[in-house]
Amino acid sequence: MLAAATSAGAQGTLSTQGFGYPPGELSSRALGTGGGLGLFDPQSSINPASIGTAGAPLLFLQYEPEFRRLSSGGQTQKTTTSRFPLAVASVPITSKGTIAVSVSTLLDRSWQTTTTREEVVAGDKATLTETVRSIGAINDIRLAGAWVANDFIQLGIAGHVFTGQNRLLFSQTFPDSLRFIPISQVSNLDYTGSAVSGGVVIRPTSVFSLALSGRKGLDLNARAGDTIVSTAKIPDRYGAAISYGGIPGSTVSAQVGRDLWSSLNGLGSDEARAVDAWDVGGGIETLGPKILERTILIRLGARYRTLPFLASGSEVRELSFAGGFGAQFSRNRAAFDVTLQHSSRSPDGSGTLGDIHERAYTLSFGLRVRP
Amino acid sequence: MRFIPAGVRLAGVLSIISIVAACTESLDTNVGCPDLCSNQSGGIETITIDPVVLDTTVSALAGQGTENSMLVATRGDTVDSRAVIRFDSIPARYQKLVADTATTAITTVDSARIRFRIDTTGAKFPGPVTIEAYDVNTDAADSLTDAVAALFTPARLITSKTFNKDSLKDTVIIELPPSAILSRLGQRLRIGLRATSPAGSVQFRIWAVESGLAEQLYFRAEPDTLVKPIQLVPYSKTPANQVSIASSLSDYTVLVKGPRPPPPGSLDVGGLPARRVYMRFNVPAFISDTAQIIRASLLLTQIPDRTVDPKDTLRIIAHVSLATKAVTDVARAAQITAQTSLDTLRVAPADSGVKLLEVAQIIGLWRTQKADQTPRAMVLISGTEGQAPVRAVFFSIEAAPELRPRLRISYSTRKTNGLP
């Protein structure tokens, strides 16, 4: 008599469709340059070779609240999402080798919708308030090792374990508590998956650097309790970046990445359809003014990418502009980076969505400590 | 002190404000719905089933005299109900002063009276009402109420008092002749109360000891008002060595004549003597165990009953039976109940057709019980059980299928494993 299991449906925003929003696994510093420094930056977790330049033991933690505004049909709503998308610990093991452990968010599935409607229950009309809330994420736990062969090249490899949980809460309530009783459902979905990755950073000249990285995704399982409910592959990712340090005090960088998100198809329902996506961006990091006898680094960047999951049949495009600064403290044993990113997200027009669009301000705070 | 530029200070303040503001997540949005929210609504389905496997009418009260109020009614051929109040310890001696250590034999009685409070809800006072007090002392067994009813004779009449109908509001005082007390010194006085009116049917209720508003017998052993009066509350010495039953019998209702019984095979709630309906259910497992029930209604088809007060309102409440299967007597199982349902069914006895009583809370409670240990049953109880003759009659499972008690269940069809 009961209906068969259905999907948890869409999520009320453009950016959190399907299994969620990808923060990008970039550090505050890399985010401030449009991702241009992401493949060179030891605090970002997309190129294992980059940890070779860490130099000394370090701990890094990032906090990243997002203030989102969704508009449709002349109406606007605001949301606030708190994220801790990245944490890294690295330690040199020889004069040329470094290992690092990082935890980063691959897909953040945090959203809530509340709707009220009239429903006929057993012949009587009732006002029904329905709330659906999802919290949780798929996280990437990476163990990476890098080797700096010489000034020309450094190499890195990593193993990834993807884990995490989505908790979906559903409730229906009625103002008339005499005739109707509220219901609630809680569904937990656990993820386990794995991947391997490798990367290289090459310095053909003293001012140019190139970086390449690739991640090969292996199986990803979604479990409800002890039961595997669906299986897919962790998306492959390929990236390349270039940086130029020929301008005194400045580094200009650019990156391009290809995420094969479509390998996630089959993990969810047909409505959670993922598409392969490009991610391009670039920016500049330059010496700024000295404040309190500390040199301030100023960063500016821009980034354009496609989000992994279709929204009502449309691809969702994201254009971001970022700016930030960084400074070192305590005899350079600590560093603090702040980035403010403004993102515009909109459907590509191929689907049935109307004038829905999303604006978001993301504040990224990164704290790096050398114990 | 080092100078901190204004821009840096502003950036610091904004950063702190942003961090604090972002500590509280606010994820709720629906402006993109339904385009971005399709497929997340939960459907609701409604089914009607015949899960009643046993239904029967049983006696309502746990024992004689346990009612909160006693019905005193004289309603021609339909109802004749009276009240008995026992004072089984009339003293033979008294203390003149509190400080006295010696007692004095009672030789005179002054200002003797009985006082009680009445509930006029649903009362019928067609005109002047005469309340008669009878001496109903007897050695007959306590359970033989017919023997007590037979004592309401002119020879046993102690006194009577006529009240204007407007004066019967809360407290009623009836003066007793001194001889009624003097003849019972050191013994027991049991008073039977009956009400009549030349204008027609009379009906009201006297609050019983169980309500906390006990009746009182008052008299003075001396006319001197400096001497403390003697005040007694109802007390029964019988049955001997059965304190609980004796306590209930300190005041009780004697039903001389009740409404005629309802049609055979029907279910009746309320009335006199008070009755309840016990219904046992065999609910499909998917409803009792897994379905998320939003609404559950017990559908009862009412049979018009014009025996007594056909237009009065009767309140019916569904209780859940907590009796385990060890209790094989359904009459006893119908006494072991708890009220979990918030709904009250209001009907007039003369009504007909299908009536709804919301029982979702009861089905929710059944989930916490093991059906093989505690039968899934509910008991329909009148809100004025034992206190009024009004009753409602319903078809039972012996009736035609469309008239039987049924259960209508609305439940959520949404079932998700969390996958988008």
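Residue numbers begin at 1 in each chain, while the letters A, B, ... track the order of the sequences.
For Tyr21(A) and Phe309(A), the distance between ring centers is not under 6.0 angstrom.
Counting heavy-atom pairs closer than 4.5 Å to chain B, the top residue among Leu189(A), Leu267(A), Val120(A) is Leu189(A). For the set Ala122(A), Pro289(A), Ser187(A), Ser72(A), the entry with the most heavy-atom pairs within less than 4.5 Å of chain B is Ala122(A). For the set Arg295(B), Gln361(B), Glu358(B), the count of heavy-atom pairs under 4.5 angstrom toward chain A peaks at Arg295(B). By number of non-hydrogen pairs under 4.5 angstrom with chain B, the leading residue of Gly20(A), Gly123(A), Ser71(A), Ser184(A) is Ser184(A).
Contacts of Leu340(A) with chain B are absent, with no heavy-atom separation under 4.5 Å from either backbone or side chain. Of the two parts of Ile356(A), only the side chain, counted from C-beta on, holds a non-hydrogen atom closer than 4.5 Å to a non-hydrogen atom of chain B. Tyr361(A) does not touch chain B: none of its heavy atoms, backbone or side chain, sits under 4.5 Å away. Only the side chain of Arg133(A) comes within contact range of chain B, judged by heavy atoms closer than 4.5 Å. Both the backbone and the side chain of Gln75(A) come within less than 4.5 Å of a heavy atom in chain B.
Relative ring orientation between Phe365(A) and Tyr63(A) is described as parallel, the plane-to-plane angle staying below 30° on a 0-90° scale split at 30° and 60°.
Arg273(A) and Glu271(A) are not joined by a salt bridge, as no carboxylate oxygen comes within less than 4.0 angstrom of a charged side-chain nitrogen. Salt bridge annotation for Glu130(A)-Arg117(A): present, with a cationic side-chain nitrogen under 4.0 angstrom from a carboxylate oxygen. Between Asp337(A) and Arg299(A) there is a salt bridge, since a side-chain N of the basic residue sits under 4.0 Å from a carboxylate O of the acidic one.
Residues satisfying the salt bridge (Lys or Arg N to Asp or Glu O under 4.0 Å) criterion with Arg179(A), sequence neighbours excluded, are Asp124(A), Asp176(A). Legend: residues meeting ring-ring contact (aromatic ring centres under 6.0 Å, His included) with Phe394(B), ordered by chain and number and at least two apart, are absent. In terms of the salt bridge (Lys or Arg N to Asp or Glu O under 4.0 Å) criterion, Asp190(A) has no residue partners (sequence neighbours excluded).
Residue Arg69(A) qualifies as open at atom CZ: its count of foreign heavy atoms under 6.0 Å is 12 or below.
For the residue pair Thr362(A)/Glu64(A), the side-chain donor-acceptor check at 3.5 Å is not satisfied.
Contacts of residues 223-232 of chain A with chain B at a heavy-atom distance below 4.5 Å involve Val229(A), Ser230(A), listed in sequence order.
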